[in-house]
S.K.: 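Please read through the structure below; I'll follow up with questions.
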Amino acid sequence: MRRLALKVMLAFALVGSLAGLFVAQVLVAEVKPGVRQAMEANLVNSANLLAELAATDMAAGQIGNGPFASAVARAVQRDPDAAIWRFPKHAIELEVRIVDPAGIVVYDSSGRHLGQDHSRWNDVLLTLRGQYGVRSSPVDANDPQGPSAMHVAAPVRDRDGQLLGVLTVIQPNASFDPYITAAGQAVVRKGIWLALLCTLIGGAFSAWLAWRVGRLRRYAEAVTRGASAIQPERSRDELGQLGRALATMREQLDGKAYVEQYVQTLTHEMKSPLAAINASAELLGAPMPEADRARFAASIGEQAARLAQMIDRLLALATLEQHRSLPERTPVDLGELVRQQVAASEAKARQRGLVFQLRLPAAAIVQGDGFFLRQALSNLLDNALDFAAAGPVLVAVEAADGGYWLWVTDDGPGVPDYARARVFERFYSLARPATGQRSSGLGLNLVAEVARLHAGRVALDNLPTGGACAGIWLPAG
């Protein structure tokens, strides 16, 4: 079961990790172009604004020493003292470059390109043709692998719309690399958190699933052992349906096995009394003294009674064992139950020269089935009467452990050590001291089944002073 939980958790972790990695890669792949596009849009705004401001000086032929050039020189020296997404900004990183209609640089805020022919560069070439001009090129044309910059151009026109030249704003791509890196790192962190969250959810789900499947497994194992078990899953989902299917299968298998077991057991147990009846019947067919005839006839009666008792107790035990729980519980006064059952057993006790002694509390109420409890007490009383020597047979009710013990004590020979662990087994019986015969071995097993139905327990032990004490504990009602 732990392997199943681990596999499910690892599956969730793998799916979460792959999903997080995929999302991170997609977002990181989209972040850089997105930032560049946003930067290009701002440069378009700046280029067109500066082109309008430069038009007057271009028309007057003083672009290199007019108000525009002075304003730009002052602007690039300013300290913005800004904090953009936790990154400080203390410099203006824009360069401004203007070419005439022939593509010759007539103004350069950096002073490095004056007089150069830029007509072949896309920002200038396309703008001179009336198109949108933009390019991303190395800052130093002699170092193709060096840092690059984005160039966005706008036409410079006079008031009549005549083209006076092209203004290009240049911004190094490295200026927005920190924002791209930070955004990518944020995406990766979120991806890791997503993977961890999926792993956590997977762990919780796998633990829940393993717990439910584990209950079904333990139920199936209990069914395999033949132990009593309650159907663990009653929900409407697939596991609940599986639990109901297992319970139905168990009931069908139990019913089949139960019938087979009882037929085999009943056949086995009936062989001995039937053999005795057979033998006695054959002997009765031959001439014999009247005393022997009476003895064999009495034997037939005894064995027939034994068969009847065995069948009655098997039927009672079958009824008990087919109950998984009591269908209905009612308050039962143990004191009154003892008095009634002892009165019913008085005749049998007198036949054997025994008497009952009662020790009952003022009130001892349990929740259960009165009929089954009377059967259990009847079997305890019969067992004590079979083994008692001179009596009395003590019947006592004692409060203990949140419930009541119903004890029946006799003064017989007690239970041998080898038999103490087996006395509540079905068909296990000890020879009666008075007759040497064995009972059906179903009485104490029936007591144990009644205790199970009432969530109780049974006990049987020898007394230090001699005799045995058998009892059933029932929870208080």
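Predicted, not measured: the structure shown is a model, and the values here were computed from it.
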S.K.: Which pair of non-hydrogen atoms, one from Leu358 and one from Arg339, has the smallest distance, and what is that distance?
M.R.: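 Taking every non-hydrogen atom into account, CD1-CG, 4.1 Å.
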S.K.: Could you measure the distance from the CG atom of Leu385 to the CG atom of Leu381? Nearest 0.5 Å is fine.
M.R.: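 Interatomic distance, Leu385 CG to Leu381 CG, rounded to 0.5 Å: 6.5 Å.
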S.K.: Working to the nearest 0.5 Å, report the span between CG of Asp123 and OH of Tyr132.
M.R.: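 It is 10.0 Å, given to the nearest 0.5 Å.
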S.K.: Taking all non-hydrogen atoms of both residues, which atom of Gly370 and which atom of Leu337 are closest, and how far apart?
M.R.: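 Heavy atoms of Gly370 and Leu337 come nearest at O-CD1, 4.0 Å.
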S.K.: Side chain of Asp333, backbone of Ile365: donor and acceptor closer than 3.5 Å?
M.R.: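 No: the side chain of Asp333 does not pair with the backbone of Ile365.
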S.K.: Can you give me the closest heavy-atom contact between Ala149 and Ile170, atom names plus distance?
M.R.: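 Shortest heavy-atom separation between Ala149 and Ile170 comes out as CB-CG2, 3.6 Å.
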S.K.: Quick check: does any side chain N or O of Asp461 sit under 3.5 Å from a backbone N or O of Cys469, one acting as donor and the other as acceptor?
M.R.: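 A pair under 3.5 Å: no.
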S.K.: Between atom CE of Met150 and atom CE of Met39, what is the distance when rounded to the nearest 0.5 Å?
M.R.: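 CE of Met39 is found 8.0 Å from CE of Met150.
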S.K.: Nearest 0.5 angstrom please: Gln375 CD to Gln341 CD, how far?
M.R.: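 These two atoms lie 9.5 Å from each other.
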S.K.: Using side-chain heavy atoms (C-beta onward) and a distance below 4.5 Å, is Leu334 in contact with Leu474?
M.R.: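 When only atoms from C-beta onward are counted, Leu474 and Leu334 do touch, with a gap below 4.5 Å.
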S.K.: Given 3.5 Å as the limit, does a donor-acceptor pair link the side chain of Asn48 with the main chain of Val44, or not?
M.R.: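 Judged by distance alone, yes, a pair lies under 3.5 Å.
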S.K.: Trp407 vs Glu398, test: side chain to side chain contact (heavy atoms under 4.5 Å, CB included). Steps then yes/no.
M.R.: CA-CA 8 Å; Trp407 295 108; Glu398 298 177 354; 3.6 Å; yes
S.K.: Just so I know, are the side chains of Phe356 and Pro392 near enough to count as touching, which here means a heavy-atom distance under 4.5 Å?
M.R.: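 Of all side-chain heavy-atom pairs linking Pro392 with Phe356, none is under 4.5 Å.
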S.K.: For residues Val332 and Gly368, report the shortest heavy-atom separation together with the two atoms involved.
M.R.: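 Reported closest heavy-atom pair: CG2-O, 3.9 Å.
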S.K.: Report yes if the side chains of Val397 and Trp405 come closer than 4.5 Å at any heavy-atom pair, otherwise no.
M.R.: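 Counting from C-beta outward, Val397 and Trp405 never come under 4.5 Å.
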S.K.: With heavy-atom distances below 4.5 Å as the criterion, would you say the side chains of Arg359 and Val395 are in contact?
M.R.: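 They are not in side-chain contact.
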S.K.: Could you pull out the closest heavy-atom pair between Val458 and Ala448, with the gap in Å?
M.R.: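 Looking at all heavy atoms of both residues, the closest pair is CG1-CA, 3.8 Å.
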S.K.: Do other residues, nucleotides or ligands put more than 12 heavy atoms under 6.0 Å from Arg352 CZ?
M.R.: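 Atom CZ in Arg352 is crowded, with more than 12 foreign heavy atoms closer than 6.0 Å.
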S.K.: State whether the side chain of Trp473 and the backbone N or O of Ala400 hold a donor-acceptor pair below 3.5 Å, judged by distance alone.
M.R.: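 Side chain of Trp473 to backbone of Ala400: a pair is present.
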S.K.: Does some side-chain heavy atom of Val366 sit less than 4.5 Å from a side-chain heavy atom of Pro475?
M.R.: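 Side chain of Pro475 against side chain of Val366, heavy atoms only: no contact under 4.5 Å found.
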S.K.: Quick one: pull up CG in Leu94 and CG in Leu43 and give me the separation to the nearest 0.5 Å.
M.R.: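 It comes to 6.0 Å.
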S.K.: Report the distance from atom OG of Ser136 to atom NE2 of His151, rounding to the nearest 0.5 Å.
M.R.: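 The NE2 atom of His151 is 8.0 Å from OG of Ser136, to the nearest 0.5 Å.
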S.K.: Kindly indicate, with the supporting measurements, whether the criterion side chain to side chain contact (heavy atoms under 4.5 Å, CB included) is fulfilled by Glu40 and Val134.
M.R.: CA-CA 9 Å; Glu40 183 178 341; Val134 64; 3.8 Å; yes
S.K.: Got Leu360 and Val338 here, is their nearest side-chain heavy-atom distance under 4.5 Å?
M.R.: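 They are in contact (side-chain heavy atoms under 4.5 Å apart), so the answer is yes.
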S.K.: Report yes if the side chains of Leu380 and Val447 come closer than 4.5 Å at any heavy-atom pair, otherwise no.
M.R.: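 A side-chain contact under 4.5 Å exists here.
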S.K.: Start with the C-alpha distance between Gln357 and Val342, add both sets of side-chain angles, then the distance that settles side chain to side chain contact (heavy atoms under 4.5 Å, CB included), and finish with yes or no.
M.R.: CA-CA 9 Å; Gln357 181 180 341; Val342 165; over 6 Å; no
S.K.: If you compare all heavy atoms of Ala476 against all heavy atoms of Tyr404, which two are closest, and at what distance to 0.1 Å?
M.R.: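 Nearest heavy atoms, Ala476 then Tyr404: CB-CE1, 3.9 Å.
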S.K.: So, are Arg374 and Asp369 salt-bridged, with charged N and O less than 4.0 Å apart?
M.R.: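 No salt bridge links Arg374 with Asp369.
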S.K.: Val408 pairs by side-chain contact (heavy atoms from CB on, under 4.5 Å) with which of Leu460, Leu377, Leu394?
M.R.: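 It is Leu377; the other options fail the test.
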S.K.: Is it true that Lys348 and Asp382 have a side-chain N and a carboxylate O under 4.0 angstrom from each other?
M.R.: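 Judged by the 4.0 Å cut-off on N to carboxylate O distance, Lys348 and Asp382 do form a salt bridge.
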